[in-house]
Amino acid sequence: MTTLAPPPSPVREDGPRHRVTPPGDGGPAARARRLFTGAPDDPRWARPALWAILVLATVLYAWNLSSITGNTFYDAAVYSGTKSWKAFFFGALDAGSFITVDKPPFALWVMGLSARVFGYGTWQLTLPMVAVGTGSVALLYRLVKRDFGAVAATVSALALTLTPITVAITRDTNPDPILVFLMLLGAAALLKAVRTGRLMPLVWSGVAIGFAFNTKMMQAYVVLPAFFLVYLWAANASLGKRLRNLAAGTVALVVSSAWWMVVVDLIPASSRPYIGGSTDNTVWDLVIGYNGFGRIFGASSSVGSAGNGASFGGEAGLYRMFNTIMGGQISWLIPFAAIALVGGLVLRGRAPRTDARRAALMLWGGWFVLHYLTFALAEGTFHPYYVTAMAPGIAALAGAGGVMLYDAFRNGSAAKWGWVLPGAVAASSVWAVVLLQRVSGSGTLYTVAEIVAGVAGATSVIGLLVGRFTGRQRLTVVAALAAVVALLAGPAAYSASAATSSTNGTNPTAGPSTGGGMGGMGGGGGGQRPSGTSGKQGTNSGEAPSGSGGGQEMGQPPSGSSGTTESGTTESGTTESGTSESGSTESGSAEGRTGGGMGGGGGTQVSSAMITYLKKNQDGATWLVAVATDQTASSIILESGEPVISMGGWSGSDDAMTLAKLKSLVKAGKLHYIVVSDSGQGSSKTEISTWVKANATAVSDYSGLYRLDASDVG
C-alpha cells in the first residue's frame, strides 16, 4: 500500500550510495574531482550524465553561430549602447537617444557589456544567450535534484534542453532566455526560503524577479501567485513570521522592479529619449499598457490598447498550446506533466505542511498552470517564443512527477497506481505521434521521430504493465527508459532542426513550417540584418558594425541592393508577416504592434545608395536621417553605423516626433534629412509631412527624401 506521509528522516531515493569519501579526502583536489564525479552519495552515472546534457545544450544553442541573424531591433539598440552610455542606460534604439525600444533594458545591458568587452558582432551578442540557456538547464537540475533525486533531475534537465522553442529562442537576441534564467534564480531562492524559513533568501528571490521585470516587464510576474502561495503555505516558520517575511520580500521585489522606471520617469522628457511603445512618454504607461493589460486584453482594453490584438500563435483559447502553430513548440510533454502534477500532489496529500516535495510540486505546478492560462487566453500580441518561459515548469514536472509516479507504480497499490504511469506515457506518446503526423512529409528526421515515438511508447506501456503485474522489476526499468525515449524523440527532432537551420530573428520557431505564425525552419520574416559583402568595418570608431557571420559583415548589403524600405518590406523584399507595414499584422521584436506610420507606405525606399548619399552629406548632424519606424531605423543603424531617428516607434504609431521637436532639431543642426510619404496617419504626422513638403528641399534622386536646414525653419 502506498505510503502517503514522508519518512521520519530524509532518505535519498536514487538508490544506494555508491561512493564514500575517504577520511581526510576533503581538500581542493577532492572538491575539484567532485565537480566532475558528483557528491559521494550520488549514483556514479549522475554527474557524467549532467555534463553530457550541458554539452548537448551548449551545442544546440551555439551550433553554427554564423547562421544566426538575431533580432535587428535589439541588435541596433545594443550597437547604439556601445557608442553611448546614455543610450546604454535608457535602452535607446539610436546612439543619439531619440527613442527607446519598447522593453526595459536589462537584456540589452547584458548583451551590450559583452559587445563592449569582446567587440560588436553575432557571437558576442549571442554568447550571453547561450550562457544563460545552458545555465538554466544546470539550475533546474540542481533545484529538482535537491528534492527528488538525480533521476528526476536528469530527466528534467534533458526535457528542458530539448524543448524546441527554447532551442530556437536561445539562438537569438530576444530577451526571453535571460528572463527565464532570472525567474529560475528567483525560484531557487524561494525554495531555500521555504526550507529554512529565513528572510534573506526570500529577499533575493524578490530581487531576481525584479531584474526579470526589468528584462520583460509584466511577464516576469506571471509566477508570483505561485511564489506567494508556496511560501505562505509551506515555509518552515510561524504564520506571523511568514507574513512579515513576505512583506519584506515584497518590498525587495518592488524596489528591484521599479528603480529604473522611477529614475527614468523622474528625468525631464527633454533630457531623455521618448519611451517607445508608450502613449504618454512614460515607462509606467508602458508597464500597464503595451507590456501589461494590452497583452492580456488586446485592442479592446481601455488600458493598454497598444497591444492591438496581433497574434502569431493562433486564436486565443485553452487549445492554443496544441494548435498547428504552437503544438510542436511546447506541447509534447504537457499531457504527461499534467498527470504527473495531479498524481504527485495526491501522493503527498498527507504530508506535513512544510513537506519540501509538495512545496516544490506546488511551485512547478503553479509555474506551469499560470503560464499556460496566461498564454492560452491572452488576446493581445502573442508570439510563439513567449512560451519558453513555461518550459521549466513542464520539464520539472516531467522529471519530478514522473519519478514519483514510477515509485508509486512499483510500490503502491496495483489497483490504484498500476495504471497511472502507463496512462501518462500513453497519452503523451499518442500526442507526439499526432504532432509528427501533422508534419509528415517534411523530412526523414520527422518520419524517424514518429516511428521512434510510436514504437518506444508502445513498448514502454506494454513493458510497464507486464513488468508490474509479473513482478519483473528489470523490465519496468527498461520500460521506463523507453518512455523517456518515446516522449523526447519528437522534441529532439524539432530541436535539431532549430539548431541546424538559419533563424528568424523576429519570430524564431523550431521544426518545419506549419503554415502559420511565420514559423518553422527559421522561416522568413522581418527584422533580419541586411546581408552583403562589403569590406570589414571597425566597431570602435563609429563605423558600421561588423561580424554577422558567414563571411558577411553585419549590416552590409551588396552594393546597389535594397537595404530597408519605408513601405514595410524587409531587406529580402518580403513583407512583415506577409503584409505591408500598414496592413493588419506585423512581426518584429516590438512584437507585432500594428498601425500606419509616417512614411510607412507609398513605396518610399531607403536603399544602400541613399545611405551612402546621406553619410556623404551628413554635415555634422547628430542623426543621419529621420524615418518612420523602428525596423527601418534599426537596419539603417546597423548598415551605416550612424544614429537614425525613428519618429513613430515600431509601427509608426508612437508620438515621439512632433513638428516643434523636428524644427528644434533642424535649427540646431542635429538633423538634416527626413523621409516622409503620403501615408502618414494621425494629426501630428500629417502636420509634419505637410510642413516638410512645403518647406524642405526634395532630393530628386530619392523619392520621399527631403533636406532640411536651419534656414528652412521659420
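What you see is a predicted model; the values in this text were computed from it and never measured.
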Check: D176/T388 side-chain N/O donor and acceptor closer than 3.5 Å: no

Test side-chain contact (heavy atoms from CB on, under 4.5 Å) applied to V223 and F368, step by step: CA-CA 9 Å; V223 294; F368 160 56; over 6 Å; no

Side-chain donor-acceptor pair present, R171, N64, cut-off under 3.5 Å: no

Worked check of side-chain contact (heavy atoms from CB on, under 4.5 Å) between I275 and D285: CA-CA 9 Å; I275 305 303; D285 179 78; over 6 Å; no

Sub-6.0 Å ring centroid separation between W260 and F106: no

Step-by-step side-chain contact (heavy atoms from CB on, under 4.5 Å) determination, V254 to W259: CA-CA 8 Å; V254 171; W259 74 268; over 6 Å; no

Backbone N/O of A76 and side chain of S634: donor-acceptor pair under 3.5 Å: no

Matching residue for Y79 among F73, F88, Y120 - test: ring-ring contact (aromatic ring centres under 6.0 Å, His included): Y120

Derivation and outcome, side chain to side chain donor-acceptor pair (under 3.5 Å), residues T173 and N71: CA-CA 6 Å; T173 50; N71 191 318; 5.7 Å; no

Any donor-acceptor pair under 3.5 Å from S256 side chain to V207 backbone: yes

Test item: T215 side-chain N/O and A107 main-chain N/O as donor-acceptor pair under 3.5 Å: no

With sequence neighbours excluded, residues passing side chain to side chain donor-acceptor pair (under 3.5 Å) with Y221: S257

Between D172 and N174: side-chain donor-acceptor atoms closer than 3.5 Å: yes

side-chain contact (heavy atoms from CB on, under 4.5 Å) evaluation trace for K216 with K103: CA-CA 6 Å; K216 215 171 177 192; K103 295 290 182 294; 4.0 Å; yes

Gap separating the CE atom of M111 from the OG1 atom of T126, nearest 0.5 angstrom: 10.0 Å

Closest approach of V101 to L108 (non-hydrogen atoms, all atoms of both residues): CG2-CD1, 3.8 Å

Test item: side-chain donor near acceptor, S646 and T629, under 3.5 Å: no

Residue pair T282 / D280, side-chain donor-acceptor N/O under 3.5 Å: yes

Lys NZ or Arg CZ of R320 over Y372 ring: under 6.0 Å, within 45°: no

Whether F98 and W623 hold their rings parallel, tilted or perpendicular, with breakpoints at 30° and 60°: perpendicular

Parallel, tilted or perpendicular: ring planes of F382 versus F375, cut at 30 and 60 degrees: tilted

Interatomic distance, Q219 atom CD to M183 atom CE [nearest 0.5 angstrom]: 7.0 Å

